[in-house]
Amino acid sequence: MKKFSVVIAGGGSTYTPGIVMMLLDNLDRFPLRTLKLYDNDGERQAMLGDALDIVMREKAPDIEFSFTTDPEEAFTDVDFCFAHIRTGKYEMREKDEKIPLKHGVLGQETCGPGGIAYGMRSIGDMIEMIDLMEKYSPDCWMLNYSNPAAIVAEACRVLRPNSKVLNICDMPVGTLRRISHIIDKEPQDLEVRYFGLNHFGWWTSIKDKEGNEYLPAIRDYVAEHGYLTQKEVDTQHTDASWQDTHKKAKDLLAVDPRFLPNTYLKYYLYPDYVVEHSNPDHTRANEVIAGREKTVFSMAKTIIENGTSEGCEFEMGAHATFVVDLARAIAFNTHERMLLIVENNGTIANFDDDAMVEVPCIVGSNGPEPLSQGKIPEFQRALMYQQVTVEKLVVEAYIEGSYQKLWQALTLSKTVPSAKVAKEILDDLIEANKGYWPELH
Ligand SMILES: NC(=O)c1ccc[n+]([C@@H]2O[C@H](COP(=O)([O-])OP(=O)(O)OC[C@H]3O[C@@H](n4cnc5c(N)ncnc54)[C@H](O)[C@@H]3O)[C@@H](O)[C@H]2O)c1
Ligand SMILES: O=P(O)(O)OC[C@H]1O[C@H](O[C@H]2[C@H](O)[C@@H](O)[C@@H](O)O[C@@H]2CO)[C@H](O)[C@@H](O)[C@@H]1O
Ligand SMILES: [Mn+2]
């Protein structure tokens with residue numbers, strides 16, 4: 001079987017060790033010859049890089065492993081770039097979450113004003129990285145899960161329409177795993193229909209390979225428990241805030257009991273609830289800094305001090321197998337069915353052609369072929385149109401350096417009550433994002 005060369009961009013990410021462990025576990029399905037880490041923060045990356053170097057020498061000495069901050073070294077001779085960068089790191093995530101809360105508006109990493117601020121930071125870095133990839137490895141595919149994926153995907157559509165970039169989110173993957181537990185199946189036994197935007201969608205069908213429909217049974221369960229399941233799906237999601245999110249899905253379902261909701265809809269359908277249950281001085285960023293980041297980096301330190309990973313193993317990001325599934329689909333033309341963020345072009349019959357939507361696709365060597373999802377109801381169509389217009393305005397504001405368009409984007413967001421509040425938040429965000437955003441005029 002052919003062996004591949006992969007670079008993980010955002011090598012210092014808290015997810016990097018989990019992805020590397022997952023790659024090692026999947027070498028029979030996706031063999032590697034080279035694995036590189038690339039980050040623009042050398043110090044942060046070296047902490048994980050030194051530890052992973054030990055892991056790789058112990059577990060897969062035949063794979064050439066390295067880490068670098070040099071783009072040429074990182075992107076030369078690579079078949080796939082797995083991208084999970086966070087422009088501004090947790091320091092800026094904290095501001096994205098806390099600034100809107102100061103104005104009584106929800107503070108979230110990818111939704112509402114926080115997501116808009118993060119989008120304005122991410123676009124430039126993502127486009128620069130795509131250009132580097134194409135310069136040094138013109139045939140390379142970028143599998144991007146850097147957030148905010150909806151805005152990043154729209155920016156790619158507008159600014160780099162012909163680039164080999166696939167935008168994917170693991171939320172539907174994670175939720176499908178919970179759903180499969182509810183009906184005592186495995187995710188790979190199930191075939192779904194789904195429509196929406198990234199972090200903004202609905203399942204309309206969940207069938208097994210024989211064609212039996214499970215949606216009514218799942219709906220009955222979700223109406224009572226949300227997506228909370230007996231079996232723990234992963235450690236990160238034992239955090240109280242995530243448990244609350246999974247539970248809240250029952251209130252999302254109540255709004256339209258025909259379809260199973262993506263948990264992120266809570267930020268749009270119940271923003272008042274989210275604000276009431278937020279602590280403006282302690283947000284999800286603080287939880288992650290004290291939780292996942294601390295765990296991952298202290299484990300790296302221990303491995304480096306011990307000179308071995310024996311007795312102290314990084315946890316495998318089991319959910320992250322979707323990355324390997326996607327890479328395999330392209331590399332081996334497997335025609336895997338996966339949810340991806342793609343240009344609509346009629347996939348949702350009564351939605352704009354030029355909207356980036358999240359839908360099931362068949363993925364092969366030529367990339368994704370979206371599967372028609374037919375017409376969607378007016379309620380969902382209107383919500384989606386409002387949100388996709390926010391995302392488009394952000395990208396236009398970035399490209400044109402337009403204060404007006406960014407103000408409009410914030411005003412249009414369902415999470416913001418008025419143009420006045422939108423302007424106050426925007427002015428604070430501009431101040432906080434100096435050096436990250438283009439100048440607005
Ligand atoms: N799409 C999904 O479903 C999904 C799931 C999980 C995480 N994510 C995303 O993955 C990313 C990483 O998350 P995290 O919590 O581990 O963050 P993190 O801050 O721990 O890691 C991000 C890394 O990216 C690096 N970085 C920033 N800008 C860069 C650039 N221009 N070039 C190279 N490296 C750069 C940072 O230095 C940092 O080491 C985030 O964007 C997060 O939202 C997406
Ligand atoms: O608040 P965080 O940093 O813990 O998580 C934010 C991310 O949440 C989603 O991804 C989850 C996924 O839903 C779950 O199944 C599990 O596998 O972990 C993932 C990563 O945390 C979301 O899709 C991402 O876009 C967010 O970045
Ligand atoms: Mn996501």
Side-chain angles (χ1 to χ4, degrees), residues 7-19 22 37-49 67-71 74-75 81-94 96-97 108-111 114-115 118-119 121-130 132-133 143-153 166-178 187 197-201 227 233-239 241-242 245-246 262-264 283-289 291-294 296-297 317-323 339-341 358 436:
V7 59
I8 299 179
S13 157
T14 55
Y15 291 101
T16 298
I19 299 272
M22 183 277 298
L37 308 183
Y38 168 67
D39 204 288
N40 63 359
D41 179 339
E43 207 181 314
R44 184 177 174 90
Q45 176 173 251
M47 287 189 262
L48 299 184
F67 55 94
T68 181
T69 54
D70 175 18
F75 288 102
C81 169
F82 298 170
H84 58 201
I85 65 164
R86 183 187 289 283
T87 305
K89 294 176 273 194
Y90 290 124
E91 189 191 337
M92 291 308 293
R93 175 176 179 173
E94 194 178 348
D96 293 342
E97 293 170 348
Q108 214 281 325
E109 175 199 28
T110 62
C111 305
Y118 186 12
R121 288 200 303 278
S122 299
I123 296 171
D125 278 6
M126 284 303 303
I127 297 298
E128 188 182 73
M129 224 161 58
I130 292 167
L132 288 166
M133 173 184 93
L143 312 186
N144 177 56
Y145 37 105
S146 311
N147 270 319
I151 292 171
V152 168
L166 296 180
N167 292 291
I168 189 163
C169 166
D170 66 358
M171 193 71 232
V173 178
T175 306
L176 187 64
R177 210 138 57 93
R178 288 176 172 270
L197 313 171
N198 178 237
H199 289 183
F200 203 107
Y227 294 119
V233 178
D234 54 40
T235 46
Q236 168 200 6
H237 285 221
T238 56
D239 286 356
S241 53
W242 269 110
T245 292
H246 291 302
N262 187 305
T263 56
Y264 275 92
T283 58
R284 179 66 189 154
N286 302 113
E287 280 182 16
V288 175
I289 291 165
R292 185 172 68 242
E293 188 184 42
K294 198 166 165 211
V296 165
F297 281 86
H319 75 281
T321 46
F322 73 93
V323 192
L339 295 197
L340 289 174
I341 306 159
E358 195 166 81
Y436 287 111

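Being a predicted model, the structure only gives us computed values, none of them experimental. Both ligands and their constituent atoms are indexed starting at 1 by order of listing. Any value given below was found using the heavy atoms of this structure, including those in side chains, with hydrogens, waters and symmetry copies removed.
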**Request:** Classify the contact between H84 and ligand 1 as side chain, backbone, both or neither, using a heavy-atom distance cut-off of under 4.0 Å.
**Result:** both

**Item:** Atoms in ligand 2 flagged as close to R93, the criterion being non-hydrogen separation under 4.0 Å
**Value:** 1 (O), 2 (P), 3 (O)

**Under 3.5 Å: N/O of N147 near N/O of ligand 1** = yes

**Message:** Below 4.0 Å, non-hydrogen atoms only: which portion of A149 touches ligand 1? Side chain, backbone, both or neither.
**Reply:** neither

**Request:** Quick one: look at E128 and ligand 1, take heavy-atom pairs under 4.0 Å, and tell me if it's side chain, backbone, both or neither.
**Result:** neither

**Side chain, backbone, both or neither: E109 near ligand 1, heavy atoms under 4.0 Å** = side chain

**Asked** Does ligand 1 have an atom that lies less than 4.0 angstrom from a heavy atom of S146?
**Response** yes

**Message:** Name the residue from D96, D125, D41, D39 that meets the salt bridge (charged side-chain N to carboxylate O under 4.0 Å, His left out) definition with K89.
**Reply:** D41

**Request:** Would you check, one step at a time, whether the test side chain to side chain contact (heavy atoms under 4.5 Å, CB included) holds for M171 with N198?
**Result:** CA-CA 9 Å; M171 193 71 232; N198 178 237; over 6 Å; no

**Message:** If you take the nearest heavy atom of each of Y145, Y90, Y38, which one is closest to atom 1 (N) of ligand 1?
**Reply:** Y145

**Item:** Contact partition for I168 relative to ligand 1, non-hydrogen atoms under 4.0 Å
**Value:** backbone

**Asked** Below 4.0 Å from any atom of ligand 2, is there a heavy atom belonging to E287?
**Response** no

**Asked** So which of R86, M126, R44 gets nearest to atom 13 (O) of ligand 1, if we judge by its closest heavy atom?
**Response** R86

**Message:** Can you confirm, on distance only, whether ligand 2 has an N/O atom lying under 3.5 Å from any N/O atom belonging to T175?
**Reply:** no

**Request:** Any atoms of ligand 1 less than 4.0 Å from a non-hydrogen atom of R292? List them with their elements.
**Result:** 15 (O)

**Item:** the Mn ion (ligand 3): protein N, O or S atoms [distance under 2.8 Å]
**Value:** C169 SG, H199 NE2

**Message:** If the cut-off is 4.0 Å to any non-hydrogen atom of R292, which atoms of ligand 2 fall inside it?
**Reply:** 2 (P), 3 (O), 4 (O)

**Asked** Looking only at distance, does R177 have an N or O less than 3.5 Å from an N or O of ligand 2?
**Response** no

**Complete:** Counting from 1 in the order shown, the ligand 2 atoms closer than 4.0 Å to a non-hydrogen atom of H319 are 17 (O)

**Prompt:** Regarding S146 and N144, is there a side-chain donor-to-acceptor distance under 3.5 Å anywhere?
**Reply:** yes

**Prompt:** Do ligand 2 and R86 have nitrogen or oxygen atoms that lie under 3.5 Å from each other?
**Reply:** no

**Request:** Please state whether the rings of W242 and Y264 are parallel, tilted or perpendicular, taking 30° and 60° as the class boundaries.
**Result:** perpendicular

**Request:** Report yes or no: does a heavy atom of H246 sit under 4.0 Å from some atom of ligand 2?
**Result:** no

**Message:** Taking 4.0 Å as the limit for heavy-atom contacts, which would you say applies to Y118 with ligand 1: side chain only, backbone only, both, or neither?
**Reply:** side chain

**Request:** Run the numbers on R284 and D239 for salt bridge (Lys or Arg N to Asp or Glu O under 4.0 Å), then give the verdict.
**Result:** CA-CA 10 Å; R284 179 66 189 154; D239 286 356; 2.9 Å; yes

**Item:** Which segment of M171 sits under 4.0 Å of ligand 2 when only heavy atoms are counted
**Value:** both

**Prompt:** Heavy atom of T110 under 4.0 Å from ligand 2?
**Reply:** no

**Asked** Can you tell me the protein heavy atom closest to atom 35 (C) of ligand 1 and the distance?
**Response** N40 OD1, 3.3 Å

**Fill in**
Judged by heavy atoms only, the candidate from L176, D170, I168 nearest atom 23 (O) of ligand 2 is D170

**Request:** Please state which part of Y264 comes within less than 4.0 Å of ligand 2, counting heavy atoms only: side chain, backbone, both or neither.
**Result:** side chain

**Request:** Could you check R86, H84, R292 and say which one makes a side chain to side chain donor-acceptor pair (under 3.5 Å) with T14?
**Result:** R292

**Message:** I need the atoms of ligand 2 closer than 4.0 Å to a non-hydrogen atom of R284, numbered in the order shown.
**Reply:** 1 (O), 2 (P), 4 (O)

**Prompt:** For atom 39 (O) of ligand 1, what's the nearest protein heavy atom and its distance?
**Reply:** D39 OD2, 2.7 Å

**Request:** Do me a favour and list the nearest non-hydrogen protein atom to atom 7 (C) of ligand 1 with residue, atom name and distance?
**Result:** Y15 CE1, 3.3 Å

